[in-house]
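To keep things clear, I will list the structure first and then write my remarks on it.
Predicted model, so just to flag it, every value in this text is computed and none were measured. One-based numbering, in listed order, for ligands and for the atoms of each.
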Amino acid sequence: MEETNIVNEKPSLNFLEEIIENDLNNGIHKSIITRFPPEPNGYLHIGHAKSICLNFGLGKKYNGRTNLRFDDTNPVKEDVEYVDSIKEDIKWLGFNWAEEHYASDYFEQLYLWACELIKKGLAYVDDQTQDEIKLNRGTVQTPGKNSPYRDRTPEENLRIFQEMRDGKYADGEKILRAKIDMAHTNMHMRDPILYRILHTEHHRTGNKWCIYPMYDYAHGQSDSIENITHSICTLEFDVHRPLYDWFIQQLGIFPSHQYEFARLNLSYTVMSKRKLLQLVQEGHVSSWDDPRMPTICGFRRRGYTPEAIRNFCDSIGVAKRDNFIDVGRLEFSLREDLNKRANRVMAVLDPIKLVIDNYPEGQTEELEAINNPEDENAGTRKLTFSNTLYIERDDFMENPPKKYFRLSLGNEVRLRYAYFITCTSVEKDSQGNITTIHCTYDAASRGGNSPDGRKVKGTIHWVDANNHINAEVRLFDRLFISETPEKTEDGKTFLDNINPDSMKILKNCKCEPSLKNVKHLDKFQFERLGYFSVDYDSKEGAVVFNRACTLKDSWKKD
Ligand code: ATP
Ligand code: MG
């Protein structure tokens, strides 16, 4: 994929914008209300970010509003920890919700509406077991069978439903179903379940309820209560839409409409919350915010900016058919953003000592360095220089191949912002490893400028060994080796596609002293090495950096 296409894409309306403009122009709605409806059963991932940018973006673009609604109808897997993290992540992405709601706040209203459906003969209590219900649903080819309890009178249904609420029955003993059509071509319309009994404490309603509404019953009605005009969800819900509409019609309530778009899938990434939870629980990653995780908090910790994520979400558009997006596009977005805002600094990840034999021992001088060539307001800083430096081990080769323009015996290179140096000799330990590189410098090349038009092909970065800080640096690679980690052969799982080398920890890195007082999540470009962000593990005197991304896409196929 040509990266430049992303930037130059002509803005045209996506299909949701077309629908909304049509609704507004034709007076179907005066203004729009959208919502983002997470289930608080995990941390948000980049797919959710797409949905957030879409819903909040549409609300903003059309001067409408966007609500945050927690779809908290399943007390078994939900938790306040997730509620808090979801709110933090949405705010961090840069969005503010108009109203904060919880489906659980609507439990009483949903219960009353269920009673209304019962009274209208449109819902009944079924005593069949889960297995019987499943069996009697039939298949796509064959119609289902009516439940023997289908013709209970509204009075009897009301009484038992009340008893279900009062806790008279055990989990699974009875359920409430809509009475629609057991032969319907859409399986979701074959008397779908509205309520099940669950004697489980809910993170908000405590032990007030022991019956809980199903997603399909709760979702549309919650939209309707909030006057949501455009209820946007992912494609797999299109088969649920007839049911969504059926409830609203039968109850005669505000007609919210559901629209579906293709969920975001990223290469080399898994996105299901269940699988992400498994990665955390089984210790394949350290936490939900492990910098290798595709969670919003993981990206944040890795060094992503909200702008990079938002630009990515906007650039990929809104699809109507499922597709895979190259994870390289997300990295491209980050690089583009950090290039503008991250100050350049020098750091050496794999240091080797370099001594300049003709530079006076004990002398030190200050050299000027540009903070960010992309931002003229970023200014300059002073670097100290002395006779002992660190350079990157792989910037020197004893037996260089042709076209190796970095340092080698007898070869001259430029030290960034400093001087031209020429390598004269190396020192080795008893095993033959190089321990020190000896050079001479040309005092006339101060600032890295050629004194006499003499050209050097290589410029390398360095850190003053007499004035530096030590740091730990964590390098990341993709968490999965497969482009589609969930596609596996028989007997294998996505876990078999984990990249065993997805993290490398370097403990002996040397950085220029300007990095001494950094704060968590401060971001820098380490010259020639990539973009780095200060990790939460960083403490005063023990700085830890995460590499957010390299300077170029190292995975790109030429
Ligand atoms: P998962 O499949 O990861 O468990 P989910 O759909 O169950 O996700 P919810 O909390 O119900 O998670 O999702 C909240 C909203 O985010 C829903 O509207 C859902 O459609 C949307 N969403 C979830 N995953 C994606 C995705 N990959 N791309 C776009 N939108 C998504
Ligand atoms: Mg869901």
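Close approach to Ser51 involves these atoms of ligand 1, each under 4.0 Å from a residue heavy atom: 16 (O), 21 (C), 30 (N). The Thr234 neighbourhood of ligand 1 comprises atoms 20 (O), 29 (C), 30 (N), 31 (C), with distances under 4.0 Å to a heavy atom of that residue. Residue-ligand proximity, His45 to ligand 1, at heavy-atom distances under 4.0 Å covers atoms 3 (O), 24 (N).
Of the polar atoms of Phe261, none of the N or O atoms is found under 3.5 Å from an N or O of ligand 1, judged by distance alone. Where the criterion is an N or O separation shorter than 3.5 Å, residue side chain and backbone included, Phe36 fails it with respect to ligand 1. By the 3.5 Å distance cut-off applied to N or O atoms, Arg35 is not counted among the residues near ligand 1. The distance criterion of under 3.5 Å between nitrogen or oxygen atoms is met by Lys273 with respect to ligand 1. The shortest N or O to N or O distance between Lys50 and ligand 1 is not below 3.5 Å. Residue Ser272 has no nitrogen or oxygen atom sitting less than 3.5 Å from a nitrogen or oxygen atom of ligand 1, judged on distance alone.
Proximity annotation for atom 17 (C) of ligand 1: of Cys53, Pro37, Cys233, Pro37 comes nearest, heavy atoms only. The residue from Pro38, Gly42, Gly47 that puts a heavy atom closest to atom 29 (C) of ligand 1 is Gly47.
Checked for salt-bridge contact, Lys179 and Asp191 miss the test: no charged N lies under 4.0 Å from a carboxylate O. The pair Arg301-Asp537 counts as a salt bridge, with a side-chain nitrogen and a carboxylate oxygen less than 4.0 angstrom apart. In this structure, Glu331 pairs ionically with Arg478, as a charged nitrogen and a carboxylate oxygen lie closer than 4.0 Å.
When heavy-atom distances to ligand 1 are checked against a 4.0 Å cut-off, Phe237 has no atom that comes that close, whether in backbone or side chain. By the criterion of a heavy-atom distance under 4.0 Å, neither the backbone nor the side chain of Arg274 is placed next to ligand 1.
In this structure, His202 and Glu78 have side chains that are in contact, with non-hydrogen atoms separated by less than 4.5 Å.
Annotation: cation-pi geometry satisfied between Arg204 and Tyr102 (NZ/CZ under 6.0 angstrom from ring centroid, within 45° of ring axis).
For the ring-ring contact (aromatic ring centres under 6.0 Å, His included) with Phe161, the qualifying choice from Tyr195, Trp113, Tyr169 is Tyr195, the only one to do so.
With 3.5 Å as the limit, one finds no donor-acceptor pair spanning the side chains of Asp131 and Thr129. In this structure, a donor-acceptor pair under 3.5 Å is present between the side chains of Ser231 and Arg35.
The aromatic ring centres of Phe247 and Tyr217 sit less than 6.0 Å apart.
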